[in-house]
Structure formats: C-alpha cells, structure tokens
Number of protein chains: 2
Amino acid sequence: MDRERGHEDSDHLQLRAWLRLLTCTNLIETRVRGGLRETWNITLPRFDLLSQLHRAGDDGLTMGDLSRAMMVSAGNVTGLVEALVGEGLVRRTTSAADRRQSRVRLTQAGKRGFEAMLPEHERWIDEAFAGLDRGDLKRLLELLAKLKQSAKAAERGGKEAA
Amino acid sequence: MDRERGHEDSDHLQLRAWLRLLTCTNLIETRVRGGLRETWNITLPRFDLLSQLHRAGDDGLTMGDLSRAMMVSAGNVTGLVEALVGEGLVRRTTSAADRRQSRVRLTQAGKRGFEAMLPEHERWIDEAFAGLDRGDLKRLLELLAKLKQSAKAAERGGKEAA
DNA sequence: GTTAGATACTTTAGACTTAAAGTATCTCGC
DNA sequence: GCGAGATACTTTAAGTCTAAAGTATCTAAC
C-alpha cells in the first residue's frame, strides 16, 4: 500500500478545479458584459442570441434550436426574441410546415449591428486570454473538451439513475 | 518566414477556449442547481453564500466580504442575506466598531444544514470531473490559475485605459 | 469641532432566469 | 378520421442580478 495514497482522496482537486473554473468564467463574463453595455448598450444574452443567429446563416434557427444552443430555458428565449424583434434586430416567421415552430433570423440591421460588434468582442476575449500562449490554449481546449464530455456523461447519469 | 504563421492569427483559439469554458461551466452549474433544488429545495446562490460563511468560520463575514467573495453586487448580497435570515440559516449583527458594517454568520441550523449538503454537493462535482485523471486535473488547475491572473490583468487594463 | 470626501450598505428599476403549468399543433396507431 | 401522446412554444410566479442613485456612517484635513 502506498502511504501517500490516502491523501489523494482528500485534496479535492475536482472541487478546486470547479471553483477556479467559476472564477475565470465570472471574471471574463463581467468584462464582456460591461463592455457590451458601455459600448453598444446591449446585454450579453441578447448579444449571444444574435451570435447564434449569425452563425446559423440565412435559414435562421427555431426557438428550440436557440434554447439548446444557448443552454437556457425555452421561456427565456421567448422573452429575448421578443425584445430583439422590438429593437428591429431580429425577424420571426411561423413555419409553414409545422405551425408550432417559428424560425428566427437576423434582419439586415441585426446582421450589420452584430458584425460591427464582433471584432471588439473578440478583442476583449483575446485580452482576457493574453497570458496564455498557443500551447497553453491548445492544452486548455483539450482539457475542456474532456471535461465537457465528462460533465455531459454525469448529467445523463444523474437523470437516468442507472 | 513561416508559411504556417499567417494561419495563427485566424484560428481563434482564445474565442474557442472561451466558448468551451462557458459550456463546461453551464453544464456543471445546471447539474448542481438541479440537485440542490431537488434534494434540499435550496438555490445555488444561497448555497454559495452559506458556503462562504462556512469557510469563514465563527467570525463570519461582512456584506462587502460576501460581495467580493461571491463576485456579485452588494445589492444582490443584501437580498440573499435577508432571505437566509428569514429561513433561520444565517444571523446578522451590526458591527459596534463601524456601524455601517454588519457581520453575517451561520446559525447552528445553518451550519448543520450546510454540512449535511456538503458531501453530496462534492459528489456531484466529482462526477462531473470523473473523466479527468489526477494529471489532467493538475494541468487544468494550473492553466486556470494562469487564465485567472490574465483575466484579472485584462480587467484592470480595460478600466484604467492606460 | 466642521466638513468634504470616502466607505458600507440599501433601494430601485429593469433585465434575465428557471420550473412548472398551460396552449396549440402535430403524429401515429388504429 | 380520431383520439392519445408527443412536441414547440408561451405564460406565470418567484428568484437572481446589475447599475445607479440614495442613506448612514466614518475619516481626515483643517
């Protein structure tokens, strides 16, 4: 038996990693949120929604697509889309094939507006990660990919209960 | 000149790392939030506040300490503490030395309650990180420490603007 | 001692978020 | 065709969160 082994169970590496992950996310999110508000007077969730639509292209996304992509509840998406429609940044049409669905797209104003914000948004992110070199970034990406898979697996495990 | 170099500027490693970081945080946070609600009918911010007080020990923390530790606004802390006082989990006293300050502590019920939740909370975190071995966890902790410093530096840079 | 400014906290208005219940529509077996 | 159940979305109630303005108290220069 390895004398040192006992210690391994009580150094709480997972918990420490989780807390540090949260701290990093909070720091960066606070920076981005503040920048978006000060520079374009837009909120982070609205920016995020525009971003998903921009990535999706001309066909747009359904409400359900948005909910999954943004990892928020369907009710939340309803409110955000309403707000953005009100601001003229987003357009919403009922699907002809399935009248329960609606399809959400950027308007021209929404596309132009989002593309204007994009470079500075990326600059804020780049600044936050400036202390990491390319090797660090690649290792971090790999570890986070692993964590993402692991967390997804745990999520299912928790729901289905074996 | 390295032909490959040009590509380095446009692979958006930082942005990809940020999005993946957010995904991981969301996944784990959703799991923990759901567990806390289903198992003890408590919210994550309240659990977090109890956690900070538990770590602080018998002297408790001021409202400002809590705000900084939890990385949320002072007004937010006011509401959370009120709720927890109402539930009898937390006690609040005005500081004699400085009557602007108050000091917040766990009640006996709060301490017992929190300590009852602690092991299962840690189990959820352990499960989320189960796919990472000790080496992975140590590398992740290191990279996140670096990122934390970097993000803090960027935060200051953004505010002070040289 | 007064007072100008700083500090600790609260209040307010508005936005975000969720879980749960509700509505409308679709699908599929019969 | 016709339900029964599934699916897409909305509504509601309650909680979280922030920025900004406001209150109370302290500090320090004079």
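Letters go in sequence order (proteins before strands), and every chain restarts at 1. What you see below is based on every heavy atom in this structure, not just the backbone, and it leaves out hydrogens, waters and symmetry mates.
Residues passing the salt bridge (Lys or Arg N to Asp or Glu O under 4.0 Å) test with Glu142(A), sequence neighbours excluded: none. Applying the salt bridge (Lys or Arg N to Asp or Glu O under 4.0 Å) criterion to Arg92(B), with sequence neighbours excluded, gives no partner residue.
Within 4.0 Å of Ser102(B), counting heavy atoms only, lie sugar-phosphate atoms of the nucleic acid but no base atom. Across all strands, Met71(A) comes closer than 4.0 Å only to sugar-phosphate atoms, never to a base (heavy-atom distances). Note on Leu80(B): only backbone sugar-phosphate atoms sit closer than 4.0 angstrom, heavy atoms only; bases stay farther off. Counting any heavy atom pair closer than 4.0 Å across all strands shown, Arg46(A) reaches sugar-phosphate atoms only and no base atom. At a threshold of 4.0 angstrom between heavy atoms, the contacts of Arg103(A) with the nucleic acid are absent.
Lys138(A) NZ to Asp133(A) CG: the interatomic distance, rounded to the nearest 0.5 Å, is 10.0 Å.
In this structure, CZ of Arg68(A) is placed 11 Å from P of dT7(D), rounded to the nearest angstrom. The distance from atom CD1 of Ile42(B) to atom C1' of dG15(D) is 13 Å, rounded to the nearest whole Å. The CD atom of Glu29(B) sits 11 Å away from the C1' atom of dT17(C) (whole-angstrom rounding). The distance between atom CG of Asn41(A) and atom C1' of dG14(C), rounded to the nearest whole Å, is 12 Å. Atom CZ of Phe47(A) and atom P of dC16(C) are 15 Å apart (whole Å). Straight-line distance from the CG atom of Leu22(B) to the C1' atom of dT17(C): 16 Å, rounded to whole Å. The separation between Leu36(B) atom CG and dA19(C) atom P is 12 Å, rounded to whole Å. Rounded to an integer number of Å, the gap from Met70(B) CE to dT16(D) C1' is 10 Å.
For the helix from dG1(C)-dC30(D) to dC30(C)-dG1(D), the terminal axes (five pairs an end, C1' atoms, rotation from four pairs onto the next four) enclose an angle of 10°, given to 10 degrees.
Using a 4.0 Å cut-off between charged side-chain N and carboxylate O, Glu115(A) and Arg112(A) make no salt bridge. Under a 4.0 Å N-O distance rule, the pair Arg134(A)/Asp11(B) qualifies as a salt bridge.
Between Thr62(B) and dA8(C) there is no side-chain polar atom (N or O) within less than 4.0 angstrom of OP1 or OP2. Residue Thr43(B) places at least one side-chain N or O closer than 4.0 Å to OP1 or OP2 of dT16(D).
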Across nucleotides 19-29 of chain D, 5' to 3', mark each nucleotide with B, S or - according to how protein heavy atoms within less than 4.0 Å reach it. SS---BBS---

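Relative to the side chain of Pro45(B), the nucleotides dC9(C), dT18(D), dT16(D) differ in distance, and dT16(D) lies closest. Closest to the side chain of Glu82(B), out of dT11(C), dA8(C), dT11(D), is dT11(C).
Between the side chains of Thr62(A) and Asp65(A), a donor-acceptor pair is found at a separation under 3.5 Å.
The residue among Ala83(B) and Thr78(A) whose nearest nucleotide of DNA chain D is located toward the 5' end is Thr78(A). Residue Arg92(B) is the one, among Arg92(B) and Ala74(A), whose nearest nucleotide of DNA chain C lies closer to the 5' end (criterion: closest heavy atom).
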Hey, can you pull the donor-acceptor pairs under 3.5 Å for the side chains in residues 143-151 of chain A, sequence neighbours left out?
residue, atom, partner, partner atom, Å
Lys146(A), NZ, Asp136(B), OD2, 2.7
Ser150(A), OG, Ala128(B), O, 2.6
Ser150(A), OG, Ala130(B), N, 3.3
Ser150(A), OG, Gly131(B), N, 2.8

All N/O donor-acceptor pairs, side-chain side in residues 71-83 of chain B, below 3.5 Å, sequence neighbours left out:
residue, atom, partner, partner atom, Å
Ser73(B), OG, Asn76(B), N, 3.3
Thr78(B), OG1, Ala74(B), O, 3.3

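Pairing each heavy atom of Thr25(B) with each of Trp18(A), the nearest pair is O-CH2, 3.8 Å.
Thr107(A) places no side-chain N or O within 3.5 Å of a backbone atom of Arg91(A) that could act as its donor or acceptor partner.
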